[in-house]
Amino acid sequence: MSACVPARADSARTKHVHPPHSPPPGGPRRFRVAGADVSASIAVFLIALPLSLGIALATGAPLQAGLVAAAVGGIVAGRIGGCPLQVSGPAAGLTVVTADLIQQYGWRTTCAITVFAGIAQLGLGCLRVARTALAVSPAIVHGMLAGIGVTIAVAQLHIVLGGTPQSSVPDNLVALPAQLANLHPADVAVSVLTLTLLLLWPRLPGRAGDILGKLPAALIAVGGATAVAALTGLRLPKVDLPSWSSHALASLPEGPVLGLVAAVLTTTLVCSVQSLLGAVAVDKLVAARPALTGRVKRSDLDRELLGQGAANIVSGSLGGLPIAGVAVRSSANVAAGAVSRNSTMLHGVLVVIAALLLVPALELIPLASLAALVMSVGLKMVSLNHIRTVTRHREVLVYAVTTCGVVFLGVLEGVVLGIAVAVGVALHRLTRTRITHDDVEGVHHVHVRGQLTFLAVPRLSRVLHQVPHGADAVVELDGSFMDHAAYETLQDWQKTHTAQGGSVDITGRRPGTRISEPAEVDGCRCRPWTPWRNHQCERPSKAPAPGTDRRAASGSPTRESPATTPGPNASGTSDESSAPGAYGTPGATGTTEQPRGHELARGISAFHRNTAPLMRRELARLAREGQQPSQLFLTCADSRVVTSMITSSGPGDLFVVRNVGNFVPLPGEESGDDSVAAAIEYAVDVLKVRSITVCGHSGCGAMQALLGADPAGARTPLQRWLRHGLPSLERVPADAAEDGRERPRLAGRAPADAAERLCLANVVQQLEHLRAHESVARALGAGDLELQGMYFHVGEAQSYLLSEDTEGGVFELVRETNLTA
C-alpha cells in the first residue's frame, strides 16, 4: 500500500488535540487598532482633505476625483503596499501630467490611462525591478519635482488673482500682466489670508503655540479663509461637488496609439519614481524617530510598486486621479507616531466618510483658498536644500536642464533631457583627466587626477617623457579606474625608464593600484595590511636538481611557501627571481637563504611604497606641531592587540604604554616600576591627556601564568614582574562568593574560564593602582582626567567598556548603535 494513502478513513482529517496542563486556546483573533494609529490617521486626514480638493482643482479634474484618489490611496495602497507608513493619494508631482492628459484626451480617457498605468506598475512589480528605478540620478528627480512645482505655482497664481490659468507655463507668463491689471479683490484677500495662516500658524509662540501647532496648518488656513468668506458674505467661486450619481467613470481610451502609450509610460514613470523615493525617505524618517512605540519593518519596494499599481487601477476605474506616495502626508504620519499600516487605511476610511457626509461644508470652501494652498505646495517643491546638494555634487547643470525642460516642454521631455545631460556629464568626468609634472628636490612627481582611459594616453605619454633619463620618478594615480591602454603605456615607460638607470615608484590612492614592483623589493605585491593576515610572502624554494624529490629538497610546502618550480606567485604574476643568487646563496639543504632582516626590510619597503605617500602630509604636520595625544592607552604587550586598529586611531592620537599583563605597579613600593610611573607622569603632567584607558584582552599569557605562579619562587625577571598581578589574583578567589562581593563580569554572559575572570579583575585592579599615582589623583580631583577600563576579546574582535555604575563593574559590549559621529 502506498505511503501516501491514509491507513484509516478518518486519518485524513486533521485533529487539533488540546494539550494537557495548558491554558485553553483563545478565541478568534480580533482586529485591533493602536491608539497611535488612530491619532495619526486623524492628523493625516485633516491634511489630505484640503490638499486632495486643491490638487483636483489644479489639474482641471472633477473635485470628487481628488477625494476618490485619497480614499483609494489610503485603503488599497495602504493595505497592499510595501511601505507601511507611506500615505498615497493625489500628489502635486502628478498635477502637470494629469492636467496635460485631461486637456488632450478628456477626463474619461485620462481615467483609462490611469488604469493602464496601474497595470504597468503591477508588471514592473512582478518583474522585481523596483530597485532599478532608484538608479535615476537624484538631480533628475529633484529637477523634475522643481519643474512641476514651478508649473503648479504659475498656474495657480492666476486663480489666486481671480482669473483662469492657461494651458502652459509660457502662456501663463504671457497672460500674467493682463491678469495683474484685472485683479479681483475678494479672491486676492482670501488667498492672502490663506497664505498668511499657512506661514504663521506653525510659528505661534509660547505654550499656546505648542498646543495649537499640533493642528495642521493646511486645515487651519483653508478653514479660516472659508469662515471669513462666509461671515463677511464675499461673493467668490466655491467648491462645487456634483452628485455622486453623475460622477464620471473611466471609458475606453480614444486617441492616437503612440500618444496614449507615451501618456501611460509618463504616468507610470512619475508615479513609480515618486512612490519609491518616498518609501526610501519614509524609512529614513522612521529610523530617526525617537522612542518607537512599535517596530516598523523596512519597505519592500517591489511590493510597494504592486500596491501603487493596484491603487491606480481602482482609482482610475472609479474616476479618481492618479495615485503616488505623498511626502507631506507621509511625513505627518510618521511624525504623529503611527506604528502600522492601519493609520494609512483608517485615514482613507475617514476621507470616504467626509466625501459622503461633509459635502455641504466642503462646498463653502473658496476656490481661491485652495489655489493658494496648492501654490504654496508647488513653491515648496523647489527646495533650496536640493539645490545646495546638487551644487555640492557638481550636478547643477542636470538639475537646471531637467527643471527647464519640465517647465517649458513637459514632464517626459524634461526627464529625457535630464537623463541625456546626466549621461553627458558622466562621460565628461570619465574623460576629464588632469596630469601634472613637478620636480621636488630632484624627484620628479607625475600626478594623475581622474580616470585613466585611452583618451588620456596621449597626454600621459607626453608628460611621462618630460621626466629626464636616469631620474627618480614617482607616479601618483589619484583615481579608481585604469583601462588596458593606459596600463600598457605606464608599464612600457616604467621598463624603459628603469633600464636607463632611473627608478619608478607608482602609487595609488587605493592599495594595490600600482603597476609592477621593482626587483629590489623582491617582486612582492603585498598590500599594506596583508602581514596582519600572517601572509609572509615567502619566495619559492630553489628548484632541486633533476632526479631529486622536491619535498625532500625544500621541506614540506606551506600555504605561503609552496615548494614548486618558478611560476605564478601569490599575486598571479610571473616569479622570475627565484634563480640562484636572487636572494642569497643556496644553503646546504638546497633552499635559498634569506638575508638578515629580510622581513623587516620587506615591511619597511612596502610602507615606503604604499602607505607613506598617503600619510606623508599628516606626519609632516605632526612633526611640526609635536605630539598632542588625547589619551594614554595602557595595554598588554601581546602582539595580537593592535591599539590603533581596535580604536580606529591615527598617528598622534594615542600615547601607548605596553607591558606584559598591562600592569600598573603601585608607586613607592620597593618592587615598583619607574618606567610605567614615568610614562604616566609624562602623559598626565606634560602631554595633558584627557583620559587613561587600561585594556586587558582574552587569552592573556600573563594571566594564565599568574594563575599557576608560585609567589615564593620568583627567580626570573618575568616571575618578579608577575608579582604586580597578585592583588588582581586576590580579587578572584576560587570561590567567587567567598566574601559576598560581586566580581567584574561581562554583560550578557559569564566569563569563559578562570583566566578570563582574572583578566576582567585585573583591569579593575590596575585602575585602582592608577588612582594611587600622585599626578593621576591630582588630575582626577581637578576634573581634567577620566579613567576607563576596556576588555578586548581577540577571537571575537569585540571590545567591552567597563561600566562602574553597578557593583563589581560590568563590561558592556560596544555596539555600533552606541557610537556617535
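Positions are given from 1, in the same order as the sequence printed here.
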Taking all non-hydrogen atoms of both residues, which atom of Ile140 and which atom of Ala422 are closest, and how far apart? CD1-CB, 4.0 Å

Considering all heavy atoms, the nearest Leu370-Pro50 contact: CD2-O, 3.6 Å

Separation of Thr114 OG1 from Leu321 CG (nearest 0.5 Å): 7.5 Å

For Arg128, check salt bridge (charged side-chain N to carboxylate O under 4.0 Å, His left out) against everything at least two apart and list the hits. Asp302

When rounded to the nearest 0.5 Å, the distance separating NE2 of His184 from CD1 of Ile159 is 12.5 Å

Identify the heavy atoms of Ser315 and Ile323 that sit nearest to each other, and give their distance. CB-CD1, 3.5 Å

Do Asp187 and Val160 make a side-chain contact, defined as non-hydrogen atoms from C-beta onward lying under 4.5 Å apart? no

Does a donor on one side chain and an acceptor on the other come within less than 3.5 Å for Gln121 and Ser272? yes

Would you compute the distance between atom CG of Leu85 and atom OG of Ser331 and round it to the nearest 0.5 angstrom? 11.0 Å

Does some side-chain heavy atom of Gln104 sit less than 4.5 Å from a side-chain heavy atom of Thr110? no

Donor-acceptor pairs are to be reported for all side-chain atoms of residues 256-264 against protein atoms at under 3.5 Å, with residues two or more places apart or in another chain.
none

Under 3.5 Å, is there a donor-acceptor pair linking the side chains of Thr194 and Ser369? yes

Can you find a pair of side-chain heavy atoms, one from Leu67 and one from Leu49, that are under 4.5 Å apart? yes

To the nearest 0.5 Å, how far apart are CG in Leu51 and CD1 in Ile55? 5.5 Å

Note: Thr226 and Ile365 closest approach over all heavy atoms is OG1-CA, 3.6 Å

How far apart are the C-alpha atoms of Glu304 and Gln86, what are their side-chain angles, what is the distance that settles it, and do they pass the side chain to side chain contact (heavy atoms under 4.5 Å, CB included) test? CA-CA 9 Å; Glu304 179 65 18; Gln86 174 162 255; 2.8 Å; yes

Would you tell me whether Ser340 and Asp37 have side-chain atoms, one donor and one acceptor, within less than 3.5 Å of each other? yes

Side-chain touch Val351/Val68, heavy atoms, less than 4.5 angstrom: no

What I want to check is whether the side chains of Ser88 and Gln308 have a donor and an acceptor closer together than 3.5 Å. yes

For the residue pair Met144 and Val270, establish whether any side-chain heavy-atom pair is separated by less than 4.5 Å. yes

Would you indicate whether the side-chain heavy atoms of Val188 and Leu161 approach each other to under 4.5 Å? yes

How many angstroms lie between atom OG1 of Thr196 and atom CH2 of Trp201, to the nearest 0.5 angstrom? 13.5 Å

Cys271 side chain near Leu94 side chain, heavy-atom distance below 4.5 Å: yes

Flag side-chain contact, heavy atom, 4.5 Å: Leu122 against Leu305: no

Please determine whether side chain to side chain contact (heavy atoms under 4.5 Å, CB included) holds for the pair Thr151 and Val96, giving the CA-CA distance in whole Å, both sets of side-chain angles, and the decisive distance to 0.1 Å. CA-CA 7 Å; Thr151 305; Val96 177; 3.4 Å; yes

For Gly224 and Leu193, which heavy atoms make the closest approach, and how far apart are they? O-CD2, 4.2 Å

Can you name the closest pair of heavy atoms from Arg329 and Ala48 and give their distance? CD-CB, 3.6 Å

